[in-house]
Amino acid sequence: MNEQLQQNLKQMEISKFQNDLVQWFIREQRDLPWRKDSDPYKIWVSEIMLQQTRVDTVIPYYERFLEKFPTIEAFADADDESVLKIWEGLGYYSRVRNLHSAVKEVVSQYNGKVPNTLKDISKLKGVGPYTAGAVLSIAYGVPEPAVDGNVMRVLSRILLIYEDIAKQSTRKIFEDAVREIIDRDHPSYFNQALMELGALICTPTSPSCLLCPVREHCIAFSVGAEKDLPIKTRKKSTKHVDLIAAVLKTDNGKYLIRKRPSKGLLANLWEFPMVEDGNFMQMRTALTNYLEKEIKVNTQLETGTFTKVDHVFSHLTWAINVFAGTVSGDIKLEDNYLLVTKEELEEYAFPVSHQTIWKTYKEKYHL
DNA sequence: TAAACGTGGCA
DNA sequence: TTGCCAAGTTT
């Protein structure tokens with residue numbers, strides 16, 4: 001921690017700041033489903049879902065998840081396919097794979113009780129420094145920092161911190177600051193209040209300083225620098241990938257789908273067969289050849305594509321041209337391929353891009 | 001340390 | 001339309 005920050009912390013009226021912040025939170029907090037219950041398992045699930053994901057997006061997923069898996073034991077017993085299916089569309093799928101693995105660990109090694117120490121909870125898959133602090137403070141009242149993007153933004157303004165919050169190493173600076181100012185009598189309220197303030201008042205662009213309960217403690221406001229903070233360097237633009245996909249049907253009404261590899265992008269999700277690279281016609285041929293060579297099917301694609309799906313990921317974009325077609329012959333499928341009925345298909349988890357393909361297919365072909 | 005890892009909302 | 005943003009973690 002640099003000297004200027006120590007100086008700013010020293011001049012802060014910490015006790016009054018804590019009180020202003022916590023009382024505001026008690027008064028103004030949103031009514032959110034994960035605030036109805038202090039079950040550590042439920043807090044944990046909510047924290048994983050909320051990683052890089054908006055509250056409004058999470059709410060319905062959270063409700064469905066806990067309806068299906070109301071206890072930690074119920075989730076530990078779930079099969080992998082249903083686990084992925086309930087996360088379908090939420091993104092960052094390694095979150096749920098890690099959560100499932102970690103929950104099984106808690107059930108087998110901790111008798112189903114979520115660890116309440118930093119040392120133990122941090123060993124769990126998918127539990128990084130933020131989530132560890134969040135679960136410990138919110139579920140157990142342990143005064144650990146829970147530093148997320150909100151907290152870095154809010155504190156960079158209040159304490160006038162010009163460190164680049166895009167750099168991972170910067171988080172430690174804010175954790176040290178939180179250790180100095182956290183309300184040790186109300187760590188759950190305090191941590192949630194910092195995040196809630198970031199979500200409702202101290203927003204990224206045009207913060208509502210005139211409504212801010214801790215305005216009088218904010219150095220950036222006092223010097224008119226609130227809109228210059230936080231410092232965050234931009235990341236580079238995404239790369240572009242062209243693909244060809246095919247929705248292929250057998251003469252007895254089944255569809256050919258395949259499971260993606262267990263690592264990397266959209267791991268373990270299902271998709272319609274795709275190939276990438278090359279120009280349009282090469283790719284069309286490549287897809288047909290691939291299917292005929294690798295899984296011994298005869299394919300007949302319609303002449304033109306029936307849809308094009310552009311899908312933007314955080315680090316790349318897919319442009320998928322999609323054919324409809326048929327498969328026939330003596331079909332010998334590789335392990336990762338499957339022939340399923342229309343009804344069965346919808347039991348499997350697909351990425352949003354392929355959900356879109358399927359939806360369009362059903363509309364065009366009147367299914 | 002930087003890049004990978006999803007998706008949808010918004011200016 | 002494009003880029004940024006949202007309760008981060010893993011490799």
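These values consider heavy atoms only, across backbone and side chains, with no hydrogens, waters or symmetry-generated copies. Chain letters run A, B, ... following the sequence lines, proteins first and then strands; every chain starts at 1.
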Undergrad: Side-chain N or O of A:His315 versus OP1/OP2 of B:dA3: is the shortest distance under 4.0 Å?
TA: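 No, outside the criterion.
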Undergrad: Can you tell me the distance, in whole Å, between the CG atom of A:Leu265 and the P atom of C:dT11?
TA: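 Nearest whole value for this atom pair: 16 Å.
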Undergrad: Roughly, in whole Å, what's the span from CD1 in A:Ile231 to P in C:dC5?
TA: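 Computing the A:Ile231:CD1 to C:dC5:P distance gives 12 Å.
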Undergrad: With a non-hydrogen cut-off below 4.0 angstrom, is A:Gly264 in contact with a base, only sugar-phosphate, or nothing?
TA: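 Sugar-phosphate, backbone atoms only, no base.
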Undergrad: Rounding to a whole Å, what distance do you find between A:Arg30:CZ and C:dA6:P?
TA: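 Answer to the nearest Å: 12 Å.
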Undergrad: Can a donor-acceptor pair be found between the side chains of A:Tyr130 and A:Glu47 at a distance below 3.5 Å?
TA: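 Their side chains do contain a donor-acceptor pair, which is all the 3.5 Å distance test asks for.
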Undergrad: Do A:Met274 and A:Trp318 come within less than 4.5 Å of each other through their side chains, counting heavy atoms only?
TA: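 Side-chain contact under 4.5 Å: yes.
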Undergrad: Tell me every residue that passes ring pair (Phe, Tyr, Trp, His ring centres under 6.0 Å) with A:Phe69, counting only those two or more places apart in sequence or in another chain.
TA: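 Applying ring pair (Phe, Tyr, Trp, His ring centres under 6.0 Å) to A:Phe69 gives A:Phe65, A:Phe75.
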Undergrad: Provide the distance between the two P atoms, one in C:dT11 and one in B:dG6, to the nearest whole Å.
TA: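 Per the computed distance, 13 Å lies between those P atoms.
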Undergrad: From the list C:dA6, C:dT9, B:dG8, which nucleotide is the closest neighbour of the side chain of A:Val352?
TA: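 Looking only at side-chain atoms, A:Val352 lies closest to B:dG8.
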Undergrad: Any base atoms under 4.0 Å from A:Arg97, or only sugar-phosphate, or nothing? Heavy atoms, all strands.
TA: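 Touches nothing.
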Undergrad: Expressed as a whole number of angstroms, how long is the span from A:Arg260:CZ to B:dC5:P?
TA: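 Nearest whole value for this atom pair: 9 Å.
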Undergrad: Quickly work out the A:Tyr92 OH to B:dA4 C1' distance and round it to whole Å.
TA: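 One finds 8 Å between C1' of B:dA4 and OH of A:Tyr92, rounded.
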Undergrad: Strictly below 4.0 Å, N to O, side chains only: are A:Lys342 and A:Glu346 in salt-bridge contact?
TA: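 Salt bridge absent between A:Lys342 and A:Glu346.
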Undergrad: Checking only heavy atoms, does the side chain of A:Thr53 share a donor-acceptor pair with the base of B:dG6 at less than 3.5 Å?
TA: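 Pair found.
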Undergrad: Round to the nearest Å and state the distance from A:Leu229 atom CG to C:dC5 atom P.
TA: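 Value for this atom pair: 13 Å.
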Undergrad: Inspect the contact between A:Lys125 and A:Glu105 and indicate whether a charged nitrogen and a carboxylate oxygen are less than 4.0 angstrom apart.
TA: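 Between A:Lys125 and A:Glu105 there is no salt bridge, as every charged N stays at least 4.0 Å from the carboxylate O atoms.
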Undergrad: Give a yes or no on whether a donor-acceptor pair under 3.5 Å exists between the nucleobase atoms of C:dG8, that is its base, and the side chain of A:Tyr130.
TA: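 Side chain to base: no pair present.
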Undergrad: When the P atoms of C:dA6 and B:dC5 are compared, how many Å lie between them, rounded to an integer?
TA: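 About 22 Å, rounded to a whole number of Å.
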Undergrad: Just call it for A:Leu32: base, sugar-phosphate, or nothing, with non-hydrogen atoms closer than 4.0 Å on any strand.
TA: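 Touches a base.
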Undergrad: Look at A:Lys85 together with A:Glu88 and state whether they make a salt bridge at an N to O cut-off of under 4.0 Å.
TA: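 Looking at A:Lys85 and A:Glu88, the cut-off is met.
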Undergrad: Within residues 34-51 of chain A, which residues have any heavy atom lying less than 4.0 Å from an atom of DNA chain C?
TA: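 Close to the strand are A:Trp34, A:Arg35, A:Glu47, A:Leu50, A:Gln51.
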Undergrad: Take A:Ile138 and A:Gln168, find for each the nucleotide of DNA chain C with the closest heavy atom, and name the residue whose nucleotide sits nearer the 5' end.
TA: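 Whichever sits nearer the 5' end wins; that is A:Ile138.
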Undergrad: Nearest to the side chain of A:Pro129 - B:dG6, C:dG8, C:dT9?
TA: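 So the nucleotide nearest the side chain must be C:dT9.
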Undergrad: Please tell me which of the listed nucleotides, C:dC5, C:dG8, B:dG6, lies nearest to the side chain of A:Phe313?
TA: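 Among the listed nucleotides, the one closest to the side chain of A:Phe313 is B:dG6.
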Undergrad: Give a yes or no on whether a salt bridge exists between A:Lys259 and A:Glu271, defined as a side-chain N under 4.0 angstrom from a carboxylate O.
TA: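 Looking at A:Lys259 and A:Glu271, the cut-off is not met.
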Undergrad: Give the nucleotide from the list B:dG6, C:dC5, C:dT10 with an atom nearest to the side chain of A:Pro204.
TA: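 Among the listed nucleotides, the one closest to the side chain of A:Pro204 is C:dC5.
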Undergrad: For A:Leu316 and A:Lys167, take the nucleotide of DNA chain B holding the closest heavy atom to each; which residue's nucleotide lies nearer the 5' end?
TA: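 With A:Leu316 and A:Lys167 compared, the 5'-side residue is A:Lys167.
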Undergrad: Give a yes or no on whether a salt bridge exists between A:Arg215 and A:Glu226, defined as a side-chain N under 4.0 angstrom from a carboxylate O.
TA: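 Salt bridge flag = no for A:Glu226 with A:Arg215.
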Undergrad: Could you tell me whether A:Lys125 contacts a base, only the sugar-phosphate backbone, or nothing, with contacts defined as non-hydrogen atoms closer than 4.0 Å?
TA: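 If one applies the 4.0 Å heavy-atom cut-off, A:Lys125 turns out to touch the sugar-phosphate alone, with no base involved.
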Undergrad: Side chain of A:Arg54, base of C:dC5: donor and acceptor closer than 3.5 Å?
TA: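 Checked by distance alone, the answer is yes.
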Undergrad: To the nearest Å, give me how far apart CZ (A:Arg95) and P (C:dT10) are.
TA: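 Rounded to the whole Å, the gap is 13 Å.
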Undergrad: State whether A:Tyr93 places a side-chain N or O below 4.0 Å from either non-bridging phosphate oxygen (OP1 or OP2) of B:dT7.
TA: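 Yes, because at least one side-chain N or O of A:Tyr93 sits under 4.0 Å from OP1 or OP2 of B:dT7.
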Undergrad: If you find the nucleotide of DNA chain C closest to A:Ala199 and the one closest to A:Leu124, which residue's nucleotide is nearer the 5' end?
TA: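 Nearer the 5' end of the strand: A:Ala199.
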Undergrad: Nearest of C:dT9, B:dC5, B:dT7 to any side-chain atom of A:Thr131?
TA: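 My answer, after comparing the listed nucleotides, is C:dT9.
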Undergrad: Do A:Ser314 and B:dG6 have a side chain to base donor-acceptor pair shorter than 3.5 Å?
TA: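 Under the 3.5 Å cut-off, the side chain and the base do form a donor-acceptor pair.
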Undergrad: Could you give the CG-to-P distance, from A:Asp310 to C:dT2, as a whole number of Å?
TA: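 Atom CG in A:Asp310 sits about 10 Å away from atom P in C:dT2.
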Undergrad: Taking all heavy atoms of A:Leu90 and all of A:Arg95, pick out the closest pair and write down the distance.
TA: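 Scanning both residues, the minimum pair turns out to be O-NH2, 3.2 Å.
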Undergrad: For A:Val127, report the nucleic acid contact type (base, sugar-phosphate, nothing); a contact means any heavy atom under 4.0 Å.
TA: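 Sugar-phosphate contact only - A:Val127 comes under 4.0 Å of backbone atoms but never of a base.
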Undergrad: Taking only side-chain nitrogens and oxygens of A:His311, does any of them come within less than 4.0 Å of OP1 or OP2 of B:dT7?
TA: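 Looking at the OP1 and OP2 atoms of B:dT7, one of them is under 4.0 Å from a side-chain N or O of A:His311.
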